[in-house]
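Below is one structure, written out as C-alpha cells, with a few remarks after it.
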Amino acid sequence: MSSFAQIEKKWQKRWRDNKVFSARINSKRNKFYNLEMLPYPSGTGLHTGHARNYSLGDALARYKRMRGFNVIYPMGWDSFGLPSENEAIKRGVHPTISIKQNIATFKKQMNAMGLSYDWDREISTHNPEYYRWNQWLFLKLLENKLAYKKKTSGNWCPGCNTTLANEDVKDGLCWRCDSEVVQKDIDQWFFRITKFSNQLLSGLNKINWSNHLKSLQRNWIGKSEGYEIKFKIENKQDISVFTTRPDTLFGCTYMVLAPEHPLVKDLVSGTKIEPKFNKFINKLSKQNELERISKEKEGLFIGKYAINPINDKKIPIFIANFVLMGYGTGAIMSVPAHDTRDYEFAKKYKLPIKQVIQNKNTSIDKSYSGEGKLINSGKYTGLFSDNAREKIGVELIKKNLAKKKINYKIRDWNISRQRYWGTPIPIIYCNKCDMVPVPEKDLPVKLPKTVDYNTLAKSPLETNSSFVNVKCPSCGGRAKRETDTMTTFVDSAWYYFRYCDPNNNKSIFDKTKIGYWMPINQYIGGTEHAVGHLLYSRFITKFLKKLGYINFDEPFLNLLNQGMVNRGGSKMSKSKGNVIDPLDTINEYGADTLRTYLLFIASPSTPFEWSDKDIKGVHKFLNKILDSPKLKFGSIKRKYIESLTQTKILNCTEHFEKLELNKVLIELMDFYSEIEKYPSKFALNSFLRMLSPFAPHISEEVWERMGIRTMLAKSSWPKFDKSKINKKAEQNEESIRKTVSDIKQILKITGKRAKIIYLYVIPSELKNYTLVSSELSSKLNSEVRVFAVNDSTKIDPENKSKKAKPGKPGIYLE
RNA sequence: GUAGGCGUUCCAGAGCGGUCAAAUGGGAUGGACUUAAGAUCCAUUGGCUUAGUGCCUUCGCAGGUUCGAAUCCUGCCGCCUACACCA
C-alpha cells in the first residue's frame, strides 16, 4: 500500500516537472476541450462525488491526449458566494483568507488523485482580475438593454438573507439552506434571459445532451403556442385570455381572472360585490404563492359578464386563487368539459359544463382534455381539433378578436444578491444624473475589505461608507454606489471562456484563442444544474455571439451527467454518517485504486453504490499488474494473444468513445487474465496504455520497469490493426477452454483418472484440435489423442473406453 | 397527470436476433498454503444426468414476428427520476 503512495508521488512529480499537461494553441492539431463543472472549494475538502466527477474527466483527458488531440483540461474555483461568506462569519476569518486555505486544500487533494489539469490556466472568481469581466459583461448587457432594475415581488430567502432567482427555488425552498422562500417587494437587477427563450429552446436540438436533461430545460422554458383572444365586456375594456385550445371555445362557459388582474378593481368598484371581493383578496394576500396554488380551488363571482367571441354568449366572470397573474394574461377562458381544473371549479360552483369535443369514453364524471371531433360547435362541428383550431383562429383574427401568441414559462433572471461576498454591480446612483453605469476604464469596482456582516441594512456593502459614497462619473457630484452583488451564477456562466485566455488584462478574452479552443467538447457534471448554471451559460454564450465576440452559440457540445455516489442505499451525507472521505481511500489503497474503482463499478451516468468489498477487488487487480514485469514472456501462443490484443483494442476504443468506461475496465480485466496465462510483451504494452487513463501511476511505473523510455503519459493509444486479428486462434482458445472444462467435469464426476484421453472430433475441426493436443496434455496431465470421426457412424456405449472408434464426436477416456 | 428512463442468474451490472445457462466484479461453497486468522492462488456457483461438446427450465408477466428471441413488436404489471393547478 505504501508502495502505491511512493509510486504515485514519483509520477506526479515527473508529470509536473515535464509539463506534460500544459496545452498550447497549435493550429495543426485538433483540439479537445474537456471540462468538469467549476467547483466551490468548501472547507471540508473533496468529497466522493467530486472524486467520481474528476476521475471521469481525467480518464477522458488522458485518453484524448493519447488519441493525438491537443487537450485543454483546466480547473478553477467558484470562490465567491454565500457559503464562503457564512463560513468566514462562523470562523471569524475574512473570506479572502478562508477561501485561500480551502483552495490550497482542494488543489492538494486533486494533485493527490493524479488529475492532469493544466494549472497554468487556473482561475478564481473572487479575484478582481476575474470579476472585473463580470462587471464588463453586466455593462454590455445593460448597453444592449438586456439588464434592468425593477422593483418587484421576488423570492426572498430569510435563511440566506437575500433574494434568489427562480432557478434557485426548489419546491418553494431555498436550494442552499432549505429555508422556506417568501415573496418580498424589493428593487432587483435582472438579466433579460427571456429575450433568448426561443434560441435557448431550438439550440437544444443541435447539442448532444441526455434526453432527460433536455426535457428539463424544455420544461423550464415552457414554450406553448396558442392564441390571445379578446372577450368583450359591457361598457368596459376588453379582457384578453391566452389559450392553446381555441377549438374548445364553444365549450367556454365562464371566465376566470387572477385576483391581481389590473382590470378587476375597475369591474367591482362601486358594486355590491366590493366588500366580498376585498375580503377574498385579504385572505389570499396572507398566503404565499406556493400555499395559494396548493390549496383547493376557490373563487368569487364578481357580478359581471363577458361575451364569448365565437358565439356571442354571455358568460360570468370569476376571480380565483388558481389563476396566476404571472403566466399568460392573468385571465383564462374556462372550458370545464375539457380541462381538469376548469371542471373541478365548475362542479364546485355549479357552472354549466358543455361538451364540444367527442370523447370515446362515455363517462361524464371527468373532463376530457384530449383532441377529437368537434360537436355542438356551430359551423365547426365535425372538424377535428387541429383543423378547427386553425379555422377558428383565422376567423377571430379576421374579426380582430385574436392574435397568435407564443408564451414562455421562463422569467427573467434575477441576479441581485444582498450579500457581501460577490461581484459588486458597477452602477452609481446620482441625484442629478440618475443611474450611471461605471465607465469601463474604472473597472474593476473592487469589493471593499471591511464591512459589517451582521448588519440589518439591506446589504453589508452599505456599511462601508468609503465604498458607497463616490463621485458621479458623469457630473462629478455626490453619488452612491449600488450595494447589491451579483449571484455567483454570473461568474460560472462564462468561466470556461476565460480558461482559454486566463491572464488577459485588456479584454475578457482573445477572440482567436476562443476560436481555437471553444466550444467545449465534453462537459461533465451533475444534473442539479440542469436549469440553473447550464441555462445561464447558454444564455451568456448566445449573448456573446450577438455581440460578435464568438461565432458559435452553444458552449457545451456534449454533456455527461455523472450519477450520485450512494452508500447504504442513500446519498452520502454528514447527517447520515455514511460519508467516505476520498483521502482516506487514497491513503489506504492509493489514488489509482480509487479512480479505477469509481469508474469500474457503474457506468458514469448511473448512481454509484459504494462498497468496501468491491474496492478491495479493484486493489487486488492493480496489485497484480505491478508484478507483471515478472511474467515469463514469450508464450508459444503468440498468435492467439496478439490477436486477442487487437480484439481488446477494438472493444476498449469503442467503449471509450461512448464513455462507457466501466466496460473498458471489464475488457481490460478480462484481457489481463489472458496476459497472465500467455505473457506477451506486445500485449502487456497495449494493455498498459489502455489502463493508463484509469490508473496512470501504476501504468507508468510498470511501463518504466518494462524498460520503455518514453513516458506513458506522452505515448499514444494503441492502434487497432485488423490484419493481426486471427479469428481461428481465438476460436481455438475458446474450444480448448471448453474442452478442458468438460474433461475435468467428467473426470470429477466419474472419479476416473485418465492415462489417455481420446478426442473424437468432426473432420473439419481435426486440424484445430491436433494443433492444441499437446497443450491439452500438459493441462490435463494425460496423453491426448485426436481422431476424426464421421458423425453418421453408430456409437456403441460399451466401446467408450476402448481405442475402438466410437462413431460420435466426443471425449473418451482410458 | 405529463415527460424521460428502467426491470437479466445470490448482489451489482454486461449482453440488445443464432457462437447464451448468459461477460466482469463482489458474495457463497470446496481445495491449496498457514499453528490459526488474514492475505494470496485454484475450482465450483439453475436443475437433471444414461456423462453425450446430452436434456429441461431460466433474462418482470402475457402474447406476437422469426427456422431461431434476454435481444425485435404489442399489451399488461412493477420501479425510478424530473416537472406539475402553465390555461
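Remember, it's a predicted structure, so these values are computed and weren't measured experimentally.
Judged as a salt bridge (charged side-chain N to carboxylate O under 4.0 Å, His left out), and not counting sequence neighbours, the contacts of A:D612 are A:R567. Residues passing the salt bridge (charged side-chain N to carboxylate O under 4.0 Å, His left out) test with A:R389 are A:D247, A:E371, sequence neighbours excluded.
Looking at heavy-atom distances under 4.0 Å, A:G617 makes contact with sugar-phosphate atoms alone, never a base. Within 4.0 Å of A:F621, counting heavy atoms only, lies no atom of the nucleic acid at all.
Under the Watson-Crick and G-U wobble criteria, each requiring two contacts below 3.5 Å, nucleotide B:C33 is left unpaired. With a 3.5 Å ceiling on both atom-pair distances, the Watson-Crick or G-U wobble partner of B:C83 is B:G1.
The shortest distance between the side-chain N/O atoms of A:S215 and the OP1/OP2 oxygens of B:C83 is not below 4.0 Å. Taking only side-chain nitrogens and oxygens, A:K624 never comes nearer than 4.0 Å to OP1 or OP2 of B:U40.
Counting to the nearest Å, the P atom of B:U24 and the NZ atom of A:K616 are 23 Å from each other.
B:C73 and B:C16 have their P atoms separated by 15 Å, with the value rounded to a whole Å.
Side chain to side chain, A:N155 and A:D168 fail the donor-acceptor criterion of an N or O pair below 3.5 Å.
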Tabulate protein N/O versus nucleotide N/O from nucleotides 13-17 of chain B, keeping only pairs under 3.5 Å, one per line.
residue	atom	partner	partner atom	Å
B:A14	O3'	A:K663	NZ	3.4
B:G15	OP1	A:K663	NZ	2.5

